[in-house]
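Beneath this line is the structure, given in structure tokens, with notes to follow.
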Amino acid sequence: MNAPSSPSRQDDEVNNEEFFLDESDIIEEVALDNEDLPDADEESDMEQVEEPDDSGHIFTGHSGELYTVACSPTDATLVATGGGDDKGFLWRIGQGDWASELQGHGDSVSSLAFSNDGQLLASGSLDGIVQVWDVLGNQRGALEGPGGGIEWLRWHPRGHLLLAGSEDSTVWMWNADRGAFLSTFAGHGGSVTCGDFTPDGKIICTGSDDATMRIWNPKSGENLHVVRGHPYHTDGLTCMSISSSSTLALTGSKDGSVHVVNISTGRVVTSLVSHSDSIECVGFAPSDSWAAVGSLDNRLAIWDVEHSLTRSMCDHEEGVTCLSWLGAFYVVTGCVDGIVRVWDSRSGECVRTFRGHSDAVQSLSLSAARDCIVSVSLDGTARVFEVSGLQ
């Protein structure tokens, strides 16, 4: 009499059509290391495509959005950045182990500027205070007076006179060596959003949210000209550039228009065809004959200023926030899409694209050797991109 099959095996096969292995069916055992098994989170991470990053150096010392950057005009590695964490930092390109915190501001650091000899750095904040530092980050003094946030800072081209535009509609000038107040320029009816000394140092030009530009004598404080009304801007000024010859001022406005003003007469000499959104940045080329204009309408325009003709239109994915001429022919732009681009002004072609930022680029600056772009973003980082060979 034959031995019966195992009842459990037989019942399972017939009734459930399932098959189970027992120890006699095992051919070979393979040991598995638990570390080799990805968990669910790791599997999802593996599926994510890593975003490209073209930066050669990243500064991450800030803990908030960044608004402003300035490169030293004499030291090819020295950079200053400021932002919404109420801090400024001095740091060096390629030297991640050195940074000096600029302490003492009580609100966002909105503006930074190195003196033209590279010896001093000024930082301006929305708390209305301007502080002056040496290149090691030691405070040299605090300059007070403005009753509103600092919109911009500019140094005299040949000295340590410092100019600041304020939200309280005034402009202030100090001797930074002595920490002494020199003059207030009053007359604007709104926040003074842009301004500068002329390159020869003889005149001050300022633009305001009141849709006017004012031209001043820095020695006497006299208001020489007020530029307003037709054919000038109909809304607040946002940006300004002064020609290297100290004869022309280029201004952009929230109304999308761009105008060129003769500084000596205060007259509008030409108007460039309007963009369809706010102008955020303007800049004369080194030759003064061409100019670049960036707008929130996603375009960079290259203009032949002498003939009021468009040379090229350079399309971006989103609004253009800042620009700088890199030598005679190339223009660098920062964009709301977080990308830094380099354009050939002659052809209108994008010749370099630098990725790495994850939010809007707010400001950019060129290193003293003009071989690096440093950009700052709302993503809280400053990034360095190499542009050697494009000067």
Side-chain angles (χ1 to χ4, degrees), residues 151-152 154 156-157 163 165-166 169-171 173 183-295 300-311 323 325 345:
E151 290 273 5
W152 51 270
R154 296 290 185 274
H156 192 276
L163 199 64
S166 171
S169 76
T170 61
V171 180
M173 186 169 66
S183 187
T184 305
F185 304 90
H188 281 298
S191 179
V192 187
T193 53
C194 51
D196 206 347
F197 290 101
T198 52
D200 62 12
K202 296 179 179 179
I203 295 291
I204 292 170
C205 298
T206 59
S208 169
D209 213 26
D210 67 5
T212 73
M213 172 182 163
R214 287 176 179 261
I215 301 168
W216 312 82
N217 180 326
K219 289 185 176 180
S220 66
E222 180 187 359
N223 189 182
L224 303 174
H225 302 287
V226 182
V227 188
R228 63 182 160 203
H230 184 77
Y232 203 52
H233 302 294
T234 59
D235 204 345
L237 276 66
T238 54
C239 49
M240 175 185 294
S241 177
I242 300 177
S243 65
S244 60
S245 63
S246 301
T247 58
L248 300 175
L250 178 69
T251 57
S253 165
K254 289 187 285 189
D255 67 8
S257 67
V258 181
H259 299 287
V260 180
V261 175
N262 181 309
I263 294 172
S264 63
T265 65
R267 294 185 179 278
V268 176
V269 293
T270 187
S271 299
L272 308 182
V273 175
S274 296
H275 286 258
S276 59
D277 207 337
S278 176
I279 307 299
E280 294 297 296
C281 45
V282 294
F284 276 107
S287 66
D288 286 348
S289 57
W290 286 13
V293 177
S295 169
L300 168 76
I302 307 297
W303 290 94
D304 178 336
V305 177
E306 293 177 21
H307 302 97
S308 298
L309 296 173
T310 312
R311 295 289 307 191
L323 66 81
W325 282 88
S345 64

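Both backbone and side-chain heavy atoms feed into the values below; hydrogens, waters and symmetry mates do not.
Counting only heavy atoms from C-beta outward, the side chains of V171 and L163 approach each other to under 4.5 Å. By the 4.5 Å heavy-atom criterion applied to side chains, K254 and D209 are counted as neighbours. Looking only at side-chain heavy atoms (C-beta outward), C239 and I279 come within less than 4.5 Å of each other. Under the 4.5 Å side-chain criterion, counting only non-hydrogen atoms from C-beta, W152 is in contact with T206. Taking the side chain as every heavy atom from C-beta outward, S246 and P199 approach each other to under 4.5 Å. Residues V282 and V293 have side chains in contact (heavy-atom distance under 4.5 Å, counting atoms from C-beta outward).
Shown here for L224 and I203, the closest heavy-atom pair between the two residues is CD1-CD1, 3.7 Å. A pairwise comparison of heavy atoms in W290 and D304 identifies CD1-CA, 4.0 Å as the closest pair. The shortest heavy-atom contact between C205 and I215 is SG-CG1, 4.3 Å. When all heavy atoms are compared, the tightest approach of S278 to T238 is OG-CG2, 4.0 Å. Across P231 and S271, no two heavy atoms sit closer than the pair O-OG, 4.0 Å. Across every non-hydrogen atom of D255 and T234, the tightest pair is OD2-N, 2.7 Å.
From L300, atom CG reaches atom SG of C281 across 7.5 Å, with rounding to the nearest 0.5 Å. Here CG of L272 is found 9.5 Å from OG1 of T251. Values are rounded to the nearest 0.5 Å. Considering OG of S289 and NE2 of H307, their distance stands at 9.5 Å, rounded to 0.5 Å.
Checked against ring pair (Phe, Tyr, Trp, His ring centres under 6.0 Å), F284 has no partners two or more places apart in sequence or in another chain. Applying the salt bridge (Lys or Arg N to Asp or Glu O under 4.0 Å) rule to D210 yields no partners; only residues at least two apart in sequence or on another chain are considered. With sequence neighbours left out, W303 forms a ring pair (Phe, Tyr, Trp, His ring centres under 6.0 Å) with no residue at all. Scanning for side-chain hydrogen bond (donor to acceptor under 3.5 Å, both in side chains) contacts around H230 gives an empty result, with sequence neighbours left out. In this structure, the ring pair (Phe, Tyr, Trp, His ring centres under 6.0 Å) partners of H233, at least two apart in sequence or on a different chain, are H259.
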Please report the C-alpha distance between T247 and I263 in whole Å, then the side-chain angles of each, then the deciding distance to 0.1 Å, and finally whether the side chain to side chain contact (heavy atoms under 4.5 Å, CB included) criterion is met.
-> CA-CA 5 Å; T247 58; I263 294 172; 6.0 Å; no
Show the numbers, then the answer: is there a side chain to side chain contact (heavy atoms under 4.5 Å, CB included) between R154 and M173?
-> CA-CA 10 Å; R154 296 290 185 274; M173 186 169 66; over 6 Å; no
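Side chains of S244 and D288: a donor on one and an acceptor on the other come within 3.5 Å. Looking at H225 and T265, their side chains never bring a donor and an acceptor atom within 3.5 Å of each other. The closest side-chain donor-acceptor pair between S253 and Y232, if any, does not fall under 3.5 angstrom.
The closest donor-acceptor contact from the side chain of W325 to the backbone of G283 lies under 3.5 Å. Here the side chain of S345 pairs no donor or acceptor atom with the backbone of I302 at under 3.5 angstrom.
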Could you pull out all donor-acceptor pairs under 3.5 Å where a side-chain atom in residues 189-197 meets a protein atom, sequence neighbours excluded?
from: S191; atom 1: OG; to: E151; atom 2: OE2; distance (Å): 2.8
from: T193; atom 1: OG1; to: G207; atom 2: O; distance (Å): 3.4
from: T193; atom 1: OG1; to: L237; atom 2: O; distance (Å): 2.6

